[in-house]
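Quick caveat: nothing in here was measured; it's all calculated off a predicted structure. Just so you know, ligand 1 is whichever comes first in the structure, and atom 1 is the first atom listed for that ligand.
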Amino acid sequence: MALVNEHFLKLPGNYLFADIAKRVNAFKVSHPKVKVISLGIGDVTRPLAPVVIEAMHKAVDEMSNKATFRGYGPERGYDFLREAIQKNDFLPRGIHIDLNEIFVNDGAKSDTGNIQEILRWDNNIGVTDPIYPVYVDSNAMIGRAGVFENGKWTDVTYFPCTADNNFVPQIPDRHVDMIYLCYPNNPTGTVLPKEELRKWVNFALRNDSILFYDAAYEAYITDPEIPHSIYEIKGARKCAIEFHSYSKTAGFTGVRCGYTIIPKELTAVTVDGKQRVNLNQLWDRRQSTKFNGTSYISQRAAEAIYTPEGKKQIQETIDYYMENAKIMRETLSKLSYKVYGGVNAPYLWVKTPDGMDSWKFFEQLLYGCGVVCTPGVGFGPSGEGYFRLTSFGNREDVREAMRRIAEWSLKK
Ligand code: PLP
């Protein structure tokens, strides 16, 4: 008799965005004339950069020719891309990453979700709260999170990040084995300065813990003092894995490409305490069993963004989104909303008026002005009382959404 993995049954019924879509659809049915503007979901809207399109066309042509056709590629990714990553994303920051420490993937979601497989199921986990839901859900699926009760997982240590602590998570006073950090943060749009990141690295080194550092939004950092990589912190090579994505950096949500860094120094101990196991090798073993590499076309596309022209073109798109963020920040602040983020990240994290619960505000905004936000509580218990807006929309939609929100807020 095949038994189901019942840990899956502990997951809350609906994925957050499916729940939102259902409610938006119900609204559309009852209000067919209203043009709904979504500032909710984190997908991009601008087309790919011309250099990327050109590189993809060229790669497709190569595939059509017997002499240049490519089949399975190396599981860790092609050298041309890994060399570009090494040279452009790390060396200028004084970080040396070996080519064999770079694992090219099909986007950060797969690796941020799968990485926990190489550590024992009975490690305990900690997350900053609110947070991108994949980290907790993927651990829940293997039984590490306990049960979901009153909006919280019983076996997860939450590090609350709210306006009260200026969105700076407090270092735990007890042992946590696996810690997920995401900076710039989704959903709060906030960042951590070097001295705060240093505290986490020191904690991990002291406790033999592992940090999973998601840098998916590092391209949006504008403050020169804010680190783009955890490896800017001394000692991080011994305790941290870092994830990168081209999805928001270069509009690759539909192309699919990213990469993960696992330094060679990183190890974890066996349960009897007798052996330290190299996690780079373990992940390589996992990947060569379960993953056959990222498409050649996607990797050529990613390589193109590191050319001088490519860098310029993707920056233009990032600037476009950040101008959206500025427009939203300014409008909402003028309307007396308390707004966070949106300076070093494409997300705005906003307090609901009068402490209203976040789903209630979601409904009011939808029915009051046909604008979709993401209720903060969907990202964790400390997200209650907040909502998230993304700056990935079209400029006209952003302006129209702000106009409607202004009119609606002033009328209330
Ligand atoms: N990490 C964070 C924090 C994200 O917000 C997202 C996507 O929204 C991802 C990872 C996944 O990105 P990808 O498209 O590379 O899988």
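Listed by chain and number, Gly107, Ala108, Lys109, Tyr132, Tyr135, Cys182, Asn186, Asp214, Ala216, Tyr217, Ser245, Ser247, Lys248, Arg256 each place a non-hydrogen atom less than 4.0 angstrom from ligand 1.
Tested against Met328, the residues Ile405, Leu39, Val350 include a single side chain to side chain contact (heavy atoms under 4.5 Å, CB included) partner, Leu39.
Side-chain contact check for Asn105 and Arg256: no donor-acceptor pair (N or O, by modelled atom type) lies under 3.5 Å.
In terms of the salt bridge (Lys or Arg N to Asp or Glu O under 4.0 Å) criterion, Glu316 has no residue partners (sequence neighbours excluded).
Taking a cutoff of 4.0 Å between a charged side-chain nitrogen and a carboxylate oxygen, Lys109 and Asp214 do not qualify as a salt bridge.
Using cut-offs of 30° and 60° for the angle between ring planes, the Tyr78 and Tyr296 rings count as perpendicular.
Smallest separation of non-hydrogen atoms from Trp153 and Lys10: CH2-O, 3.4 Å.
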